[in-house]
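Only this structure's heavy atoms are used, side chains among them; waters, hydrogens and symmetry mates stay out. Just so it is clear, the structure is predicted and the values come from calculations on it, not from any experiment. Below, chain A is the first sequence line, B the second, and so on; all start at residue 1.
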Amino acid sequence: MRSGAVEIIRAALGSAIKEGVIKGERLPEIIIERPKKDEFGDFSTNIAMLLAPLEKKAPREVASALVGRIASDPLVEKCEVAGPGFINIFLKKSYWLSILERIISKGGDFGKSTLGQGKRVQVEFVSANPTGPLHIGHGRGAAVGDSLANILKAAGFEVTKEYYINDVGRQMEVLGRSVFLRYKELLGEKIEMPEEAYKGEYIKDIARDFILKFGDKYKVSSEAEAIPAFSAFSGAAMLDRIRKDLKDFGIEFDAWYSEKSLHEKGLVTATIEELKKRGHIYEAEGALWFRTTEFGDDKDRVLIKADGSMTYFSSDIAYHRDKVERGFSTLVDVWGADHHGYEARVRALIKALGYDDSVLKVIFIQLVALLRKGVPVPMGKREGEFVTLRQVMEEVGTDACRFFFLMRRSDAHLDFDLELAKSQAPENPVYYVQYCHARIHSIIGFAKEKGMEPPARFDLKLLERLDLKEETDIIKHLGSFEEVVERGAEAMEPHRITFYLMELAGLFHPYYNKNRVVTEDRELTDARLLLCGAVATVAANGLSLLGVSAPVKM
RNA sequence: GCGCCUGUAGCUCAGUGGAUAGAGCAUCGGCCUCCGAAGCCGAGGGUCGGAGGUUCAAAUCCUCUCAGGCGCGCCA
């Protein structure tokens, strides 16, 4: 509707210019907002205040020239000048009722749009190293990335979800060694775990699996002989666990991109060559450097170390070059906030290759503080004990878990209270929204028992029975869902959906409490059933964008 | 020291340059013979960290400053 309102104002401006009331040599952008207060209309615009200095007239004077023209639009009920020069537009009730028609006819598709025009967007997220289980922080990134992908899809983008696997390098060696040592220990040898080794219980699990598969054939092997096999096995085993964790969390990726494959395909070398050709590479102190400072980074970065090995960044330039060259219109990287220092160098790479770095959008995920009844749960990777995503998922359920992760802007700290997430009390926002959905289905079921099916067809006259203020408020809120999805996609902020849903439930519950849906008045009952159905539809659509279920019964 | 993020009600947080800054929780007081009480109703609560600036209009933009977090490896 917002765009419709813009058109109405544009038309009014056009006619005012034509009649010479306004010169209109320069026209500011038409901005429409939804006022917080009902008395300020359904939409309002500040166009008159922006236009006033250009026209050398008082804002209210400019506004007055427009209101009459706006009011003549068939959708507009009335139009007023207010305050310093706002133009407040009130739409006809029939317009709002027609929103219900759209929701009912579109059903699960309500909220989808063509904003993205099929442009290809890649969302890369989680991408945790396969050296340990996913922890709670990864979980937040997973929830945000997946929900963002859903929102972008709904907004008409073609989305690819990708996981980048860091399956080479020192960490894999450390993983291999850690498992190898546990393996020997399980076979009766006395071992000592080095400081750097991974010490979690899962290392022993993998060692056990290794024995089941290969027996004791590596018992007497040297580290040099054994580690490649152990690394490969352990990395794959770990990745399987990660995959399973994610799947149980409701997340499936379209692509799993292996760092190793970059090397195997020679893409790392090729990218370095390309940068060399472009003159961004130099040698110093025995190492090979990429002059990222030329593109806004703090300092230049090493690609090949003095010992001849590659840095992590060298893989990453190849990966991002590949991503850019795959032709996505936007690349979204979801990173932990502690990696923010990394952004500048990745942007530098994109620019150095001659591309526009605006293709890249990095979303930072702040840490999650886990609480239990308000008391912090100690977390620390030190002794290999940290709270895993699986533990939390199993304790509070995936719905509550995903919803909680999406209750804050992603770059804001998040307090995650396990007891709150589990509680079936009214203060738990997950259930507040889900309950709204379930409750409506129960009402519809109740009506059916009484032999009252909601009418199959939309009937404007019938819906005119919805004349309570609460009903209009609900309908208006329903009508803003499409816009919330679009703006969520533009801003790449899934939490907007969460807030929208809490607000929707916050409108519905009081309405329900005050008013009876199923009554002797058949017409009114039908109208209210339609309204309820629309609320349930939008609640379900919104929850599905979050990756949270919309239960019919709870 | 440099860079990024965050400072909004007791707590946790929303808030596309607009009109009297909002929720939830917590606190206090109420509501189930009636479609689901995982719900509802009512009350109190604010120097939007601070100071300048831009603007008709600033929580929002700019500069400075204070506080907290994070990052500044030939680690990954």
Side-chain angles (χ1 to χ4, degrees), chain A residues 31-37 39-40 44-46 49-50 52-53 58-59 82-86 88 129 131 166 168-172 174 196 284-289 297-299 301-313 315-316 336-344 364 366-367 369 371 374 407-409 411-415 417 420 423-436 438-447 449-450 452 483 487 490-491 495-496 498-499 502-503 505-506 508-519 525 528-529 532 553-554:
Chain A
I31 294 169
I32 297 292
E33 63 179 60
R34 290 175 180 272
K36 286 173 234 166
K37 301 204 151 228
E39 58 193 275
F40 297 146
S44 90
T45 179
N46 59 354
M49 286 181 282
L50 297 177
F86 289 103
N88 295 337
N129 296 341
T131 53
N166 301 117
V168 290
R170 194 173 146 61
Q171 51 180 353
M172 291 311 294
V174 173
E196 54 164 29
E285 298 161 58
L288 196 73
W289 296 73
D297 195 9
D298 292 343
K299 52 180 72 170
R301 307 293 169 179
V302 169
L303 296 178
I304 302 178
K305 304 181 218 171
D307 68 2
S309 63
M310 303 250 188
T311 59
Y312 176 82
F313 185 49
S315 305
D316 227 37
D338 53 342
H339 287 72
H340 67 252
Y342 212 78
E343 183 175 359
F364 293 105
Q366 265 298 352
L367 296 177
L371 309 176
M407 275 195 324
R408 301 279 176 262
R409 255 186 21 236
D411 59 356
H413 291 269
L414 171 67
D415 279 353
D417 196 307
L420 175 60
S423 77
Q424 302 192 343
E427 64 265 20
N428 187 342
V430 187
Y431 296 121
Y432 189 71
V433 175
Q434 289 185 319
Y435 186 64
C436 170
R439 188 176 233 181
I440 290 170
H441 279 272
S442 168
I443 296 166
I444 291 171
F446 177 84
E449 272 173 36
K450 299 236 163 188
M452 289 191 263
E483 195 181 308
R487 297 188 84 85
E490 279 168 349
H495 76 276
R496 291 175 186 238
T498 317
F499 280 90
M502 291 196 283
E503 218 174 303
F508 182 76
H509 287 308
Y511 167 68
Y512 165 87
N513 259 274
K514 218 181 299 174
N515 306 98
R516 234 188 124 73
V517 175
V518 181
T519 59
T525 300
R528 288 183 170 172
L529 283 172
C532 288
K553 251 189 228 159
M554 292 172 71

Proximity to the side chain of [X] - top-ranked nucleotide from [options]:
| X | options | result |
| --- | --- | --- |
| A:K37 | B:rG18, B:rC35, B:rU20 | B:rU20 |
| A:E285 | B:rG18, B:rG36, B:rC74 | B:rC74 |
| A:Y431 | B:rA38, B:rC35, B:rA76 | B:rA38 |
| A:M554 | B:rC35, B:rC74, B:rG36 | B:rG36 |
| A:S442 | B:rG36, B:rA76, B:rC56 | B:rG36 |
| A:K305 | B:rA37, B:rU12, B:rC75 | B:rC75 |
| A:D411 | B:rC41, B:rU6, B:rC75 | B:rU6 |
| A:Y435 | B:rC35, B:rG36, B:rC5 | B:rG36 |

Using OP1 and OP2 only, check whether a side-chain N or O of [X] sits under 4.0 Å from [N].
| X | N | value |
| --- | --- | --- |
| A:R439 | B:rA37 | yes |
| A:H495 | B:rU12 | no |
| A:K36 | B:rA19 | yes |
| A:R409 | B:rC5 | no |
| A:R301 | B:rG73 | no |

Watson-Crick or G-U wobble partner of [N], both distances under 3.5 Å:
| N | value |
| --- | --- |
| B:rC72 | B:rG1 |
| B:rG22 | B:rC13 |
| B:rC61 | B:rG53 |
| B:rC31 | B:rG39 |
| B:rA67 | B:rU6 |

Heavy atoms only: give me the nearest [X]-[Y] pair and the separation to one decimal.
| X | Y | answer |
| --- | --- | --- |
| A:C532 | A:F508 | SG-CE1, 3.8 Å |
| A:L420 | A:N428 | O-ND2, 2.8 Å |
| A:P429 | A:M407 | CG-SD, 3.4 Å |
| A:H509 | A:Y432 | NE2-O, 3.1 Å |
| A:F40 | A:P35 | O-CG, 3.3 Å |
| A:G85 | A:P59 | CA-CB, 4.4 Å |

Regarding [X], tell me which of base, sugar-phosphate or nothing describes its non-hydrogen contacts under 4.0 Å with the strands shown.
| X | value |
| --- | --- |
| A:N88 | base |
| A:D338 | sugar-phosphate |
| A:D316 | nothing |
| A:A284 | base |
| A:Y512 | base |
| A:A344 | nothing |
| A:E490 | nothing |
| A:T131 | nothing |
| A:H340 | base |
| A:A306 | base |
| A:F499 | sugar-phosphate |

Expressed in whole Å, how much space separates the [atom1] atoms belonging to [N] and [M]?
| N | M | atom1 | answer |
| --- | --- | --- | --- |
| B:rG44 | B:rG49 | C1' | 25 Å |
| B:rA14 | B:rC61 | P | 15 Å |
| B:rA21 | B:rC25 | P | 22 Å |
| B:rU8 | B:rG68 | C1' | 16 Å |
| B:rG53 | B:rU16 | C1' | 23 Å |
| B:rA59 | B:rA51 | P | 12 Å |
| B:rC70 | B:rA38 | P | 41 Å |
| B:rU12 | B:rC75 | C1' | 35 Å |

Spacing between [X] atom [atom1] and [N] atom [atom2], to the nearest angstrom:
| X | N | atom1 | atom2 | result |
| --- | --- | --- | --- | --- |
| A:N513 | B:rG36 | CG | P | 12 Å |
| A:L371 | B:rC25 | CG | C1' | 13 Å |
| A:K514 | B:rC35 | NZ | C1' | 17 Å |
| A:I32 | B:rU16 | CD1 | P | 17 Å |
| A:R170 | B:rG73 | CZ | P | 18 Å |
| A:M502 | B:rA23 | CE | P | 13 Å |
| A:R408 | B:rG15 | CZ | P | 11 Å |
| A:H413 | B:rC5 | NE2 | P | 13 Å |

Given A:V174, which partner from the list A:R170, A:Q171, A:M172 fulfils the side-chain contact (heavy atoms from CB on, under 4.5 Å) test?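 Of the listed residues A:R170, A:Q171, A:M172, the side-chain contact (heavy atoms from CB on, under 4.5 Å) partner of A:V174 is A:R170.
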
Pick the nucleotide of RNA chain B nearest each of A:D307 and A:A438; which residue has the one closer to the 5' end?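 Result: A:A438.
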
How do A:E39 and A:I444 order along RNA chain B: which one's closest nucleotide is nearer the 5' end?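 Taking each residue's closest nucleotide, the earlier one in sequence belongs to A:E39.
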
Under 5.5 Å between ring centres and under 30° between planes: true for A:Y432 and the base of B:rA38?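 Whether judged by distance or by angle, A:Y432 falls short somewhere, so it does not stack on the base of B:rA38.
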
State whether the distance check finds a donor on one side and an acceptor on the other, under 3.5 Å, for side chain A:S423 versus base B:rA38.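 Answer is no: no donor-acceptor pair is held.
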
Under 3.5 Å, is there an N or O donor on one side and an acceptor on the other linking the side chain of A:D298 and the base of B:rG3?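 For A:D298, whose side chain was compared with the base of B:rG3, there is no donor-acceptor pair (under 3.5 Å).
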
Is there a side-chain contact between A:R528 and A:N515 (heavy atoms, below 4.5 Å)?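 In contact.
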
Using a 3.5 Å distance criterion without hydrogens, assess whether the side chain of A:R408 forms a donor-acceptor pair with backbone atoms of A:H413.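 Judged by distance alone, no pair lies under 3.5 Å.
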
By the rule that syn is within 90° of 0, classify the base conformation of B:rC32 as syn or anti.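 Syn.
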
Begin from the C-alpha positions of A:R496 and A:F499 and carry the test side-chain contact (heavy atoms from CB on, under 4.5 Å) through to its verdict. CA-CA 5 Å; A:R496 291 175 186 238; A:F499 280 90; 5.9 Å; no

